[in-house]
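In this chain, numbering begins with 1 at the start of the sequence shown.
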Amino acid sequence: MTNTESRTAAEHSHDATQRPTAGAKNDRYLRALRRQPVDCTPIWIMRQAGRYLPEYRATRARAGSFLGLAKNPELACEVTMQPLDRFELDAAILFSDILTVPDAMGLGLYFAEGEGPKFERPVRSAADIDRLGVPDMEGELRYVMDAVRLIRRTLDGRVPLIGFSGSPWTLACYMIEGGGSDNFARIKAMAYEQPDQLHRLLEVITRAVIAYLDAQRLAGAQALQVFDTWGGVLSPTLYREFSLRYLQQIAAALPRGKGDDQAPLVLFGKGNRPYLSELAASGAEAVGVDWTIDLDEARRRCGPGVALQGNLDPTVLYASPAAIEREAARVLEAFGPGDGHVFNLGHGISPDVDPAHVGVLVDAVHRLSRRPGNG
């Protein structure tokens, strides 16, 4: 980054007129999800507590491992707060991992150096599925609920707290493959050859996801997001049968509360562009959108009944501050006038992004979208 760009980032990050007073309640994220007027477009960033922050890397080193960090409520709270202390983000998201649920089902989650998550006991047979059950949310997953409670107390109304889960399909991918995959051959083979068996697995995962999200809500999460990371690897026929069907079940069955205590549900899927109208009709309060479609088109497909979240290409954060601001303006313009937009990346932030560029983005979104008299 040049000296001029560094000054631009610093000037933007200190533009105090564009942000609420420190410690004041900031509910624009929840208001946007409810399609209510806001003073400016709220922004949070998927994977905002992560390796791009040096303070996160220091805390993770103290924890000794990723799982040591995720399973320690005090440290999970610490890293959840780190991006909020650095940037004027409009929401916090629980620091955890989507694979906590299958780990609590007894699959033995571990992280291999340079290889990502792995399971000691992947699901490969009908007998494996028979052994699975919905975990005890205040037993095997107590550390997650304790983290939610601690984070909510620490936030003290500063911004809303987001809880989350992986989608049934995405969790099943890891559970059957035993970790990440280039082609998802095992689970796709099961979908074609043993669909009833795969549905049995997805049904128990769906029950667990609903219980998990509800427990997070009761512990203090004020909004809930489902990450369907791998839905986009499916053909349309398989997507509707093995992914969308269970997202719809979650949207229909998940308790959310009422009135001001309602926890809106966001359904996000990488590669979900062809299915936006169906996701919007699921009953969820919001749909997350990746960067492969303009928001004006996404808004037309989804209609006025849901909020939209997204959808800046994450790689824009490698560009100059001027380019970041230009692309932020383009996304805001694509959504157009009206309420119901939460600005976000179209997927998670990359670990080698310059944190100063995140500050440029956050401040640009607030400044460029300010609407005097609203909120």
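Put simply, the side chain of E325 never gets that close to the backbone of V360: no donor and acceptor are under 3.5 Å apart. Side-chain N or O atoms of R35 include one that pairs as donor or acceptor with a backbone N or O of P304 at under 3.5 Å. Between the side chain of S282 and the backbone N or O of E278, no donor-acceptor pair lies under 3.5 Å. Side chain of R124 to backbone of I176: a donor-acceptor contact under 3.5 angstrom is found. Remark: side-chain polar atoms of N183 are paired, donor with acceptor, to backbone N or O of A185 under 3.5 angstrom. The backbone N or O of R158 sits nowhere less than 3.5 Å from a side-chain atom of D156 that would complete a donor-acceptor pair. A donor-acceptor pair under 3.5 Å is absent between the side-chain atoms of D290 and the main chain of K270, judged by distance alone. Checked by atom type and distance alone, the side chain of E140 never pairs as donor or acceptor with a backbone atom of P135 at under 3.5 Å.
Using bins of under 30°, 30° to 60° and over 60° for the plane-to-plane angle, the ring pair F227/F164 lands in the perpendicular bin. Between F184 and W230, the ring-plane angle classifies as tilted under the 30° and 60° cut-offs.
Closest of all the heavy-atom pairs between A251 and R256 is O-NH1, 2.9 Å. Scanning both residues, R299 and D339, for their nearest heavy atoms gives NH2-O, 4.1 Å. Taking each heavy atom of P355 and L53 in turn, the nearest pair found is CB-CD2, 4.2 Å. Closest heavy-atom contact between L332 and V365: CD1-O, 4.1 Å. The two residues A92 and L84 have their closest heavy-atom pair at CB-CD1, 3.6 Å. Residues Q216 and V148 share a closest heavy-atom pair of O-CG1, 3.7 Å.
With rounding to the nearest 0.5 angstrom, the CG atom of L276 is 12.0 Å from the CZ atom of R300. Distance OH/Y56 to OG1/T80: 10.0 Å, rounded to 0.5 Å. For the atom pair CE (M46) and CD1 (I349), the distance works out to 11.0 Å, reported to the nearest 0.5 Å. Here Y212 contributes atom OH and R217 contributes atom CZ; the two are 15.5 Å apart, rounded to the nearest 0.5 Å. Atom CD of Q82 sits about 11.0 Å away from atom CZ of F87, to the nearest 0.5 Å. Considering CG of L202 and CE of M175, their distance stands at 9.0 Å, rounded to 0.5 Å.
Taking the six-membered ring for Trp and the full ring otherwise, the centers of F119 and Y174 sit at least 6.0 Å from each other.
Residues L213 and V226 are in side-chain contact: their nearest non-hydrogen atoms beyond the backbone lie under 4.5 Å apart. The closest side-chain heavy-atom distance from S369 to F343 is not below 4.5 Å. Counting heavy atoms from C-beta on, the side chains of L99 and L171 come closer than 4.5 Å. Taking the side chain as every heavy atom from C-beta outward, P264 and L30 approach each other to under 4.5 Å. Side chains of H347 and R47 form a contact here, defined as non-hydrogen atoms less than 4.5 Å apart. Side-chain contact check for N344 versus W44: some heavy-atom pair is nearer than 4.5 Å. Between H357 and V316, every side-chain heavy-atom pair lies at or beyond the 4.5 Å cut-off. Taking 4.5 Å as the limit, every side-chain heavy atom of T41 sits out of range of all side-chain heavy atoms of F335.
A single hydrophobic cluster is not seen to contain both V123 and Y110; linkage of ILVMFWY side chains at heavy-atom distances under 4.5 Å, directly or through other members, places them apart. Side-chain heavy atoms closer than 4.5 Å link hydrophobic residues (I, L, V, M, F, W, Y) into clusters, and following such links, possibly through other members, connects L308 to I293. No chain of hydrophobic side-chain contacts below 4.5 Å, direct or via other Ile, Leu, Val, Met, Phe, Trp or Tyr residues, connects L155 to L218. Following chains of ILVMFWY side-chain contacts shorter than 4.5 Å, one cannot reach M137 starting from L150, and the two form parts of different hydrophobic clusters.
Using a 4.0 Å cut-off between a side-chain N of Lys or Arg and a carboxylate O of Asp or Glu, R301 and E297 qualify as a salt bridge. Under a 4.0 Å N-O distance rule, the pair D130/R200 qualifies as a salt bridge. A salt bridge does not link R31 to D90: none of the charged side-chain nitrogens sits closer than 4.0 Å to a carboxylate oxygen. A salt bridge is defined here as a Lys NZ or Arg NE, NH1 or NH2 lying under 4.0 Å from an Asp or Glu carboxylate O, and K258 with D261 fails to meet this definition. At a threshold of 4.0 Å, the pair R142-D136 does not count as salt-bridged, since none of the basic side-chain nitrogens sits closer than that to a carboxylate oxygen. Under 4.0 Å is where a charged nitrogen must lie from a carboxylate oxygen, and between R149 and D146 at least one such pair does.
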Next item on the list: Please lay out, stage by stage, how R330 and D313 fare under the test salt bridge (charged side-chain N to carboxylate O under 4.0 Å, His left out).
Entry: CA-CA 11 Å; R330 184 192 59 76; D313 183 340; over 6 Å; no
Margin query: Run the side chain to side chain donor-acceptor pair (under 3.5 Å) test on E78 and T59 for me, step by step, so that the C-alpha distance in whole Å, both residues' side-chain angles and the decisive distance to 0.1 Å come before the verdict.
Written below: CA-CA 8 Å; E78 181 178 315; T59 305; 2.7 Å; yes
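Residue K71 forms a side-chain hydrogen bond (donor to acceptor under 3.5 Å, both in side chains) with just one option from T100, D103, D97, and that option is D103.
Pairs engaging residues 262-311 under the ring-ring contact (aromatic ring centres under 6.0 Å, His included) rule: Y239-Y275 [sequence neighbours left out].
Taking a 6.0 Å sphere around CG of D260, one finds it holds 12 or fewer heavy atoms contributed by other residues, nucleotides or ligands. Heavy-atom contacts from other residues, nucleotides or ligands closer than 6.0 Å to CZ of R51 number 12 or fewer. Counting heavy atoms of neighbouring residues, nucleotides and ligands inside a 6.0 Å radius, atom CD of E120 exceeds 12 of them.
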Donor-acceptor contacts, no H, no angles, side chain residues 187-198, under 3.5 Å, sequence neighbours left out:
{"residue": "K188", "atom": "NZ", "partner": "V233", "partner atom": "O", "Å": "2.9"}

